[in-house]
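One-based numbering along the sequence shown. Each ligand, and each atom within it, is numbered from 1 in the order the structure gives. Predicted, not measured: the structure shown is a model, and the values here were computed from it.
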Amino acid sequence: MTSSASFQPWSLAGRVALVTGAASGIGRGSADLLAWAGADVVLVDVDETGLKETAADLAGHGGRTAEVAADVRSREQVDAAVRRAVDEFGRLDVVANVAGITLPAMRGRIVDTTEDDLDALIAVNVKGVFWGMQAAMRVMEGNGRGGSIVNITSTAIDTPLPGIGVYAMTKAAIVMLTRTGACEGGPAGIRVNAVAPGFVPTSMTAGHARQPDGTIDEEEMEAVNVEMARLSPLARVGTVDDVAQCVLYLASDAARFMTGQILRPNGGVSMPW
Ligand SMILES: NC(=O)c1ccc[n+]([C@@H]2O[C@H](COP(=O)([O-])OP(=O)(O)OC[C@H]3O[C@@H](n4cnc5c(N)ncnc54)[C@H](O)[C@@H]3O)[C@@H](O)[C@H]2O)c1
């Protein structure tokens with residue numbers, strides 16, 4: 001029988017969550033939903049203006065927020081952000097490692113990739129998630145309760161696509177990091193899972209239609225969205241909320257028996273059909 005009690009496990013009341021990449025897109029949407037579910041949320045990003053906008057969005061949900069300007073490439077800065085969560089809110093239950101970058105497709109073919117681009121992607125997408133997991137696990141291992149870590153990977157892990165090989169490689173690394181973290185953290189009650197979204201229009205995907213002067217070619221952007229929607233049996237691209245719902249699920253006790261898993265909100269694009 002379904003009752004309101006069935007939804008209680010989705011509540012994050014009394015919990016503290018930290019979200020990286022919280023100034024924009026999927027990170028902002030995830031922070032918003034976690035706050036809506038009752039969590040106090042620590043918002044982490046390099047973009048301080050975006051962080052303030054996210055904090056303003058969350059203000060209506062009634063919980064507390066803290067903004068931390070930090071670069072996930074830096075272990076020291078990530079450690080400090082996690083310390084801030086514990087110092088300011090007294091605990092840390094959820095860490096969502098969302099911050100990530102990609103490269104313009106025309107620079108992304110293996111034969112064209114420069115060492116600088118390779119290093120840049122690895123630094124944010126792999127090391128950034130690694131530092132976030134490490135800092136979270138150190139806190140959660142000692143708290144007697146464990147916690148939930150949610151990493152963002154990508155549907156790029158399922159299907160090779162010319163031009164995004166390095167991005168896909170970094171996202172594939174997150175899958176094994178997630179599984180290993182699940183094995184190492186399980187005995188302390190730490191669940192580690194990942195979300196692999198399909199195409200979601202955000203400032204990241206707008207890069208596909210960015211012109212040399214920095215503006216976005218809206219027609220080209222729309223053409224990309226239509227092409228991506230065509231790949232899904234649902235005939236649409238994703239939304240930030242489609243992904244945030246998965247982050248909330250994995251963060252919450254509703255997913256209490258889920259660990260080492262990759263959840264795929266991608267409209268079915270990764271299955272052969
Ligand atoms: N949008 C999609 O189609 C899609 C699909 C699959 C996976 N993803 C992944 O979702 C995540 C979020 O992407 P998005 O689409 O919301 O992009 P976005 O550009 O809107 O958001 C990314 C955020 O990460 C922040 N960031 C970048 N480098 C950082 C650093 N070094 N330190 C701290 N913050 C940093 C940015 O400032 C930005 O706020 C990324 O990991 C991305 O790879 C996105």
>> Set out, in order, the CA-CA distance, both residues' side-chain angles and the distance that settles side-chain contact (heavy atoms from CB on, under 4.5 Å) for Leu43 and Leu58, then state yes or no.
In response: CA-CA 10 Å; Leu43 308 164; Leu58 268 57; 4.0 Å; yes

> Of Arg64, Arg15, Arg84, which is the lone residue that meets salt bridge (Lys or Arg N to Asp or Glu O under 4.0 Å) with Asp40?
Replying inline: Arg64

>> Using the side-chain hydrogen bond (donor to acceptor under 3.5 Å, both in side chains) criterion, which residues pair with Asp57? Sequence neighbours excluded.
In response: none

> Is it true that a side-chain atom of Asp45 and a backbone atom of Ala23 form a donor plus acceptor pair closer than 3.5 Å?
Replying inline: yes

>> Using only atom types and a distance under 3.5 Å, with no angle test, would you say the side chain of Asn125 pairs donor to acceptor with the backbone of Gly100?
In response: no

Please tabulate, one line per pair, the protein nitrogen or oxygen atoms found under 3.5 angstrom from a nitrogen or oxygen of ligand 1, with distances to 0.1 Å, or say none if there are no such pairs.
residue  : atom   : partner : partner atom : Å
ligand 1 : 1 (N)  : Val200  : O            : 2.9
ligand 1 : 1 (N)  : Thr202  : OG1          : 3.4
ligand 1 : 3 (O)  : Val200  : N            : 2.8
ligand 1 : 3 (O)  : Val200  : O            : 3.3
ligand 1 : 15 (O) : Thr202  : OG1          : 2.6
ligand 1 : 16 (O) : Ile26   : N            : 2.8
ligand 1 : 19 (O) : Ser203  : OG           : 3.1
ligand 1 : 20 (O) : Ser24   : OG           : 2.6
ligand 1 : 20 (O) : Ser203  : OG           : 3.0
ligand 1 : 31 (N) : Asp71   : OD1          : 2.8
ligand 1 : 32 (N) : Val72   : N            : 2.9
ligand 1 : 37 (O) : Asp45   : OD1          : 2.6
ligand 1 : 39 (O) : Asp45   : OD1          : 3.4
ligand 1 : 39 (O) : Asp45   : OD2          : 2.7
ligand 1 : 41 (O) : Val98   : O            : 2.8
ligand 1 : 41 (O) : Lys171  : NZ           : 2.9
ligand 1 : 43 (O) : Tyr167  : OH           : 2.6
ligand 1 : 43 (O) : Lys171  : NZ           : 3.0

> Can you check side-chain contact (heavy atoms from CB on, under 4.5 Å) on Val16 and Val94, steps first, answer last?
Replying inline: CA-CA 6 Å; Val16 175; Val94 175; over 6 Å; no

